[in-house]
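In what follows, residues are counted from 1 in the order of the sequence shown. When a ligand or atom number is given, it counts from 1 through the structure's own listing order. Because only heavy atoms are used, hydrogens play no part in the values below, and waters and symmetry mates are left out as well, while side chains stay in.
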Amino acid sequence: MSAPPAPIPDYLARLNAEQREAVETLDGPLLVLAGAGTGKTRVLTTRFAHLLMTGRAFPGQVLAVTFTNKAAREMRERVSAIIQRPAEGLWLGTFHALCARMLRRHADLVGLTSGFTILDADDQMRLLKQVMAAGAVDAKRWPPPGLMAVIQRWKDRGITPDRVTPAEDTDFAGGRARSLYAAYQDRLKDLNCADFGDLMLHMVEILRNHPEVLAEWHRRFRYILVDEYQDTNLVQYLWLRLLAQGHKNICCVGDDDQSIYSWRGAEIENILRFEKDFPNARVVRLESNYRSTRPILAAASHLIAHNTGRLGKTLRTGRNDADGEKVRVVSLWDSEEEARMVGERIEAAQRSGHKLAEIAILVRAGFQTRAFEERLITLGVPYRVVGGLKFYERAEIRDAMAYLRVLAQPSDDLAFERIVNTPKRGLGDTAMRRMHEIARAEHIPLASAAAKLVQAGGLAGKARAGLSDLLHGFARWREQMGREGHVVTAATLLDESGYTEMWKADKSPEAPGRLENLKEFVRALGEFETLNGFLEHVALVMENDENAQGDRLSLMTLHAAKGLEFDMVFLPGWEEGLFPHARAMEEGGERGLEEERRLAYVGLTRARKLAIVSCAANRRVYGNWSSSIPSRFLDELPIEHIQREGSAGMARNRVVDMPSVFTGASGLMARKPRTIEAGAWEVQARPSHAAPLTVGERVFHKKFGYGTVTAVEDNRVDVNFEKSDPKRVLDSFLERA
Ligand code: ATP
Ligand code: MG
């Protein structure tokens, strides 16, 4: 008699048939292409554990790549829960972390030693500037950040200086980009340093040029697992392909509809490349979504169907309790009302027993967090900003605060020190030391010491002019504040001091967000009567909680929310220009718009039970009001799965009455509205009735059935339903019976 078959281990029993196929197909290349919430990450984690449980691999023989360190930590925890012991010695992490670890072993092959330093963005820029100066490149004409962006792009594509072809070259500094790149790389080596992009680039070069090293890694890594595959860039792809050539046991999971990092060099084409490079790859599709209720899923699917060129997937709910609440679409008067609405609903959720950890606010742009943070602080709701800093902790906001502190209080030495050479005014260590000496000797504030130093003529030409300009500036701005108030003055100050200009010249991907934050900062000022009132407010806000552990709400950008899930998700700011973001569309055209739509898809699919989308009809810009129109994405939601709330109709009338200013100053309002009627979108999903409905007509409503019209007011119609209570509904939801 043969032994009875071994029972299916618990961790496999928790999978559906397709997921099990993906977990148990251990040999050969495998691509899991599936929509949000279908268990891709669960598959990857279970596969990892399965490899260990079946003795296919030792922990150190599996290479697993995740998108963030947080995701790596979670995967480690889940794997160790399945194998029921601590998961140690794993090669599990982000591309960069894994590459850094590998590179330490082979540093000598690229002219580094294993103790090489990884440079941060500031150091990188400083070094590049030195290289440009040494090459006598006019940094005014050719701003270093521009070159840095070019170099980073090359690194993202795995292009070393000797591989830059004429077609790849740019006209930077008269065709010198390539040679400056080479000089920069040499300089890094001299200093035994690698920048972030080098970690990948060097490793790919080593694996390309040293077959014995490649063979060594092939022997080690029997299995490769990759999450969020749709967001890999070319150099990451090359690295994976090189490593996978050995055993060809590579499993990538991804969703083309969630590709949202093209601005950082991610190439969605890597999915198509995979099937070409691994021609016998097995492709598994997962179609059951276990995360979200049916209305949420329907809304997300309907929205993303507006994109062209998708690989196309089926997605249906796999939850037993799938019915659930419609997606809320709330339109509000302004961004403050929006923050209030969010705050109220969070408090209500808390009262009915929900944990804050299960609630998230997902914004399109970093500056949006400010209004919510202030609301949450007022309400005493603990929160964390995931993947970023709280608004008033961001570097540009601290700088701007320092400028205002000096404006309000000339003797604020700490603030003065922070901004005196930001942007660069040519003040070196010696100048700073002398300033401090004078201040100490004469017991005067640093700013006064600076004035003395200028008068004494003890500074080099550039430093002298720079410092003198700044001091005169402060005198002028103080006077202006008396005349024109603190809001306009702050805006002038940030411009005239060269501070805004500094970020405009910065070509890093973060710079535009910083500029938006600065605008939001000035907007925040407008909410206070006086400058001092504002400064005090911020000091108190900064004071808040901090070491509070415990239950907290999450606040983050949509980009940072990838792979995460929450019971209740707020998606504020769905307005044209903000979402879809004007910049994405200016730079990317139709492709940019489609990436924005994928971002909206990512946002909606983070929600398990309730998604609350909102838009404000007005935003304040430099103390003025600017009206905005609802995002086109709202028109793209299926009306039968959403429930509209709020003051849209009222907003429509008030928008027309409001003195609306399209100053363009916000940068967000670059698009002219399609229509001034903010409420029009309510009915755009269906054509309006050719002739208005009249009292006494028999009508049909999808949800409430047949009824008779009793009153008509604009597009609102009162109906006596035959099988339901009388209701007031929008005419677009009615058909003539
Ligand atoms: P995303 O595309 O957002 O990264 P995903 O495809 O990686 O999503 P997971 O995060 O792995 O999806 O899973 C979504 C949710 O569904 C998780 O809470 C997970 O635990 C649950 N889940 C996955 N598979 C199953 C299953 N077979 N039965 C029950 N729940 C499941
Ligand atoms: Mg996932």
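Annotation: Arg78 places no N or O atom under 3.5 Å from an N or O atom of ligand 1; distance criterion only.
Between the side chains of Arg394 and Thr369, at least one donor-acceptor pair of N or O atoms lies under 3.5 Å. Donor-acceptor pairing under 3.5 Å is recorded for the side chains of Glu516 and His581. No side-chain donor from either of Glu325 and Thr293 sits under 3.5 Å from a side-chain acceptor of the other. Inspection of the Gln230 and Glu228 side chains reveals an N or O donor paired with an N or O acceptor under 3.5 Å. No side-chain donor from either of Asn307 and Tyr601 sits under 3.5 Å from a side-chain acceptor of the other. Between the side chains of Arg514 and Asn517, not a single donor N or O lies within less than 3.5 Å of an accepting N or O. When only modelled atom types and interatomic distance are considered, Arg56 and Tyr223 share a side-chain donor-acceptor pair under 3.5 Å.
Of all the atoms in ligand 1, the ones that sit under 4.0 Å from a non-hydrogen atom of Arg606 are 3 (O). Of all the atoms in ligand 1, the ones that sit under 4.0 Å from a non-hydrogen atom of Asn16 are 27 (N). For ligand 1, the atoms closer than 4.0 angstrom to any heavy atom of Gly563 are 4 (O). Under a 4.0 Å criterion applied to the non-hydrogen atoms of Gly39, ligand 1 contributes the atoms 5 (P), 6 (O), 9 (P), 11 (O), 12 (O), 13 (O), 23 (C).
The protein atom (non-hydrogen) at minimum distance from atom 10 (O) of ligand 1 is Arg291 NH2, 3.1 Å. For atom 18 (O) of ligand 1, the nearest protein heavy atom (residue, atom name, distance) is Glu565 OE2, 2.5 Å. Scanning the protein for heavy atoms near atom 2 (O) of ligand 1, the closest one is Lys40 NZ, 2.6 Å. Protein heavy atom closest to atom 27 (N) of ligand 1, with residue, atom name and distance, is Gln19 OE1, 2.8 Å. In this structure, the protein non-hydrogen atom closest to atom 29 (C) of ligand 1 is Tyr290 CD2, 3.6 Å. Taking atom 23 (C) of ligand 1 as the reference point, the nearest protein heavy-atom neighbour is Arg42 NE, 3.4 Å.
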Does His559 form a ring pair (Phe, Tyr, Trp, His ring centres under 6.0 Å) with Tyr261? I'd like the steps, not just the answer. CA-CA 8 Å; His559 281 101; Tyr261 277 94; 5.2 Å; yes
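Side-chain atoms of Leu98 and Trp91, non-hydrogen and from C-beta on, do get closer than 4.5 Å to each other.
Residue Gly37 holds the heavy atom nearest to atom 1 (P) of ligand 1 of all those in Ala34, Gly37, Ala17.
Only the backbone of Arg14 comes within contact range of ligand 1, with a heavy atom under 4.0 Å; no side-chain atom does. Counting heavy atoms closer than 4.0 Å to ligand 1, residue Thr41 contributes atoms from both its backbone and its side chain.
Looking at Lys609 and Glu358, no side-chain N of the basic residue comes within less than 4.0 Å of a carboxylate O on the acidic one, giving no salt bridge.
Ligand 1 lies out of reach of Asp255, whose nearest heavy atom is not under 4.0 Å from it.
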